[in-house]
Amino acid sequence: MGKGIPSRQEDYSAWYNELVKKADLAEPSAVRGCMVIKPYGFSIWEKMQAELDRMFKETGHTNAYFPLFIPKSYLSKEAQHVDGFAKECAVVTHHRLKNAEDGSGVVVDPAAKLEEELIVRPTSETVIWNSYRNWIQSYRDLPLLINQWANVVRWEMRTRLFLRTAEFLWQEGHTAHATEQEAVDETEQMLEVYATFVEQFMAVPVIRGLKTPSERFAGAVETYCIEALMQDGKALQAGTSHFLGQNFAKAFDVKFATKEGGLDHVWGTSWGVSTRLMGALIMAHSDDNGLVLPPKLAPIQVVIVPIFKTEEQFSAISAKVNSLKTELQHLGITVKFDHRDTHKPGWKFAEYELKGVPVRLAIGPRDLENNTVEVARRDTLTKQSMEMDDFFPQKIRDLLEEIQTNIYDRALKLQQENSQKVDTYEEFKRVLEQDGGFVYAHWDGTDETEAKIKEETKATIRCIPLSAEEEEGKCIYSGKPSNKRVLFAKAY
RNA sequence: CGGGGCGUAGCGCAGUCCGGUUAGCGUACCUGCUUUGGGAGCAGGGGGUCGCAGGUUCGAAUCCUGCCGCCCCGACCA
């Protein structure tokens, strides 16, 4: 393995960083904390976008676009909201540069100072609600169901490719409703859209839940989330859906005439997932040989590598491969025939493993003679020779489905094997220390206890699972009564 | 912003402690020949402001001072 990456065992975070770079997903840029998403990485993101976008539209949402800049005054309209984001905002203060008098380059022109500074959006609630005020007059204008695909900037202190970057790509849905119930339903519906997407397309099982008040989105009444477990035993928040109550409607004075002739503030939601999902995808499935991509999101689902010595062999193989490729494409499969003669087969095998291509077919002179194909699976790293009969393309399609299911099952097994219930604080600390993973325990519901546990163990309450069963118990920290277990973990 | 580590060819590194030919190795790249069922072999070749700026010295990648950047661990966070 000349171009190997570090193993997960020896250094998980080095493995992650190297994998992201070596698999050509992304690389650090000249700007601190910002990354360049490379073509291969971006194709995966595009596949995620396409599916999510389809799901949003299917649930009645429409895309729109709001500006990158937010007037500073907007941000101070919702008090909690400012507190939540103030510390990590990039601010635009000037609009012009000029040549330095000493010829040393360009400098900011002090004469071009903005009257009101602009904030580069860390999220768009404020600009969007400011528009909604004008868009909504009557119950007939509701519900307003809008999504935007955008980039946002949060000036993070420490960044990691995909998991936390100063600028990231995401989608943010912002909706307004006539009733509280309708807004809550929307919040829950979008959480379910996220969970479905992550589980069915990314093949990553998630826990659906509610954030505790201290982990809630700034300005929300309730924050719903999905949490996924990574291979190193840490949790990753994969998506959030917020019920905003009437907070933003009040802050931005968004009122509507009700059917009954009254005047009321609308009820809001917002929900988002980001390029962080790429991080979850990478960490959930990949191994020491490289990426393992779920077929549903792989930019290349099947790669065909010819093995040949002579021109004659190559033409014979090409003829066969080209018709096979067409048949596979007719079944909706994305196929690449890598016929480059600048790289040897072994090199290509390693390369496509690194890039996580789910299925690799190799065809050489031996296969031509026997009418066979060597089929290799990325998820299990196994190979078998298969007859190239009429059913072969369907078999490959079935195999892709099997791989999708297999990696989901594998991730689910990992999650289940790394989930434990504990009843004492001693046990809690021991489990976190030794095993990591998801820990279900009783909590007294107070911010103080949550903060103490975080301080002492670095573990946070990831969520109060929606599926939590009613169960009498005592808080592992304070001993006070509790009626359900919450999910603790160390998180990204 | 605290603690630790690091900046030498595209990438990965040695050399720095103890200053001294023309700064070296692996890999990648280019050329040629032989190769091709798991990252080919041999031969030849190109590529360097040794992070930046000062200083010490006959002489600095190496010593001193200042600065910049990156990575890891914390505080903060999707």
Side-chain angles (χ1 to χ4, degrees), chain A residues 1-6 11-14 16-18 21-22 27-33 83-89 122-123 151-172 194 211 214-218 220 223 225-228 235-242 270-280 289-290 305-311 313-314 317 339-354 360-370 372-376 381 383 385 454-455 458 460 462 490-492:
Chain A
M1 280 278 161
K3 264 199 191 167
I5 50 178
D11 188 342
Y12 194 84
S13 71
Y16 176 81
N17 286 331
E18 281 305 300
K21 285 182 252 185
K22 294 255 167 70
E27 63 187 21
S29 75
V31 181
R32 196 198 75 91
D83 284 351
F85 291 102
K87 285 169 288 180
E88 50 190 37
C89 286
T123 179
N151 57 339
V152 288
V153 169
R154 295 183 190 174
W155 214 264
E156 299 289 349
M157 291 171 173
R158 261 187 71 202
T159 58
R160 294 191 67 188
L161 294 170
F162 290 118
L163 296 174
R164 185 174 305 108
T165 46
E167 178 194 15
F168 56 94
L169 305 184
W170 78 344
Q171 60 64 219
E172 45 181 329
Y194 288 156
K211 283 293 183 194
S214 75
E215 298 268 335
R216 227 173 248 158
F217 174 75
T223 289
C225 66
I226 49 175
E227 295 285 328
L236 183 76
Q237 178 173 305
T240 47
S241 183
H242 315 288
S270 70
W271 27 274
V273 292
S274 70
T275 35
R276 172 179 253 200
L277 287 180
M278 292 284 292
N289 293 315
V305 177
I307 294 156
F308 59 95
K309 289 194 175 100
T310 64
E311 276 298 317
Q313 284 174 339
F314 178 65
I317 291 168
H339 54 259
R340 288 177 295 175
D341 61 359
T342 51
H343 296 282
K344 296 180 60 179
W347 189 92
K348 293 176 185 173
F349 294 169
E351 180 69 8
Y352 291 111
E353 254 156 43
L354 181 61
R360 183 186 74 233
L361 306 181
I363 303 180
R366 228 155 54 199
D367 297 294
L368 285 185
E369 261 176 52
N370 306 326
T372 55
V373 186
E374 183 189 85
V375 180
L381 290 168
K383 295 191 285 200
S385 186
K454 181 177 179 182
E455 192 186 317
K458 308 265 189 283
T460 49
R462 301 319 305 151
K490 289 185 185 170
Y492 273 97

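Side-chain atoms are counted along with the backbone in the values below, which use heavy atoms only and exclude waters and symmetry mates. In what follows, chains are A, B, ... by sequence order, proteins preceding strands, each numbered from 1.
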A/Phe314 vs A/Phe308 aromatic rings, parallel, tilted or perpendicular, using cut-offs 30° and 60°?
tilted

Relative to each other, are the rings of A/His343 and A/Trp347 parallel, tilted or perpendicular (30° and 60° limits)?
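Answer is parallel, since the angle falls under 30°.
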
Does A/Asn17 make a side-chain N or O approach to OP1 or OP2 of B/C72 shorter than 4.0 Å?
yes

B/C73, OP1 or OP2 - any side-chain N/O from A/Arg158 closer than 4.0 Å?
yes

Distance between [atom1] atoms of [N] and [M] (Å, rounded):
N     : M     : atom1 : answer
B/C52 : B/A9  : P     : 11 Å
B/A40 : B/A53 : C1'   : 47 Å
B/C67 : B/C11 : P     : 27 Å
B/G44 : B/G19 : C1'   : 35 Å
B/G7  : B/C13 : P     : 9 Å
B/C72 : B/G12 : P     : 14 Å
B/G47 : B/U56 : C1'   : 33 Å
B/G37 : B/C77 : C1'   : 50 Å

Evaluate the side-chain proximity of [Y] to [X]: yes if any heavy-atom separation is below 4.5 Å, no if none is.
X        : Y        : result
A/Ser214 : A/Lys454 : no
A/Val273 : A/Ile226 : no
A/Met157 : A/Arg164 : no

Side chain of [X] - closest among [options]:
X        : options             : value
A/Lys344 : B/G38, B/G39, B/G37 : B/G37
A/Asp367 : B/C76, B/G39, B/G37 : B/G37
A/Lys454 : B/C72, B/G38, B/C76 : B/C76

Using whole Å, what does the distance between atom [atom2] of nucleotide [N] and atom [atom1] of [X] come to?
X        : N     : atom1 : atom2 : result
A/Lys309 : B/A40 : NZ    : C1'   : 13 Å
A/Lys383 : B/G38 : NZ    : C1'   : 6 Å
A/Leu368 : B/G37 : CG    : C1'   : 12 Å
A/Met157 : B/C76 : CE    : C1'   : 5 Å
A/Ile317 : B/G37 : CD1   : P     : 12 Å
A/Tyr12  : B/C73 : OH    : P     : 13 Å
A/Gln313 : B/U36 : CD    : P     : 10 Å
A/Leu161 : B/C71 : CG    : C1'   : 12 Å

Is [X] touching bases, backbone alone, or none of the nucleic acid, heavy atoms closer than 4.0 Å?
X        : value
A/Lys211 : nothing
A/Leu163 : base
A/Ser274 : base
A/Phe217 : nothing
A/Thr223 : nothing
A/Pro365 : base

Restricting to non-hydrogen atoms, name the atom on A/Trp155 and the atom on A/Cys89 that form the minimum distance, rounded to 0.1 Å.
CB-N, 4.5 Å

Minimum heavy-atom separation for A/Leu161 and A/Pro28, please, with both atom names.
CD2-N, 3.9 Å

Return the nucleotide paired to [N]: Watson-Crick means purine N1 to pyrimidine N3 with N6-O4 or O6-N4, wobble means G-U with N1-O2 and O6-N3, both under 3.5 Å.
N     : result
B/G10 : B/U27
B/C50 : none
B/G74 : B/C1
B/U22 : none
B/G32 : B/C42
B/U62 : none
B/G37 : none
B/U57 : none

Would you mind telling me which residue lines up with the more 5' stretch of RNA chain B, A/Lys458 or A/Ala238, judged by nearest nucleotide?
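It is A/Lys458, whose closest nucleotide lies nearer the 5' terminus.
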
Does A/Ala166 or A/Ile307 map to a spot on RNA chain B nearer the 5' end, using the closest nucleotide for each?
A/Ile307

A/Arg366/A/Glu374 salt bridge by N-O under 4.0 Å criterion:
no

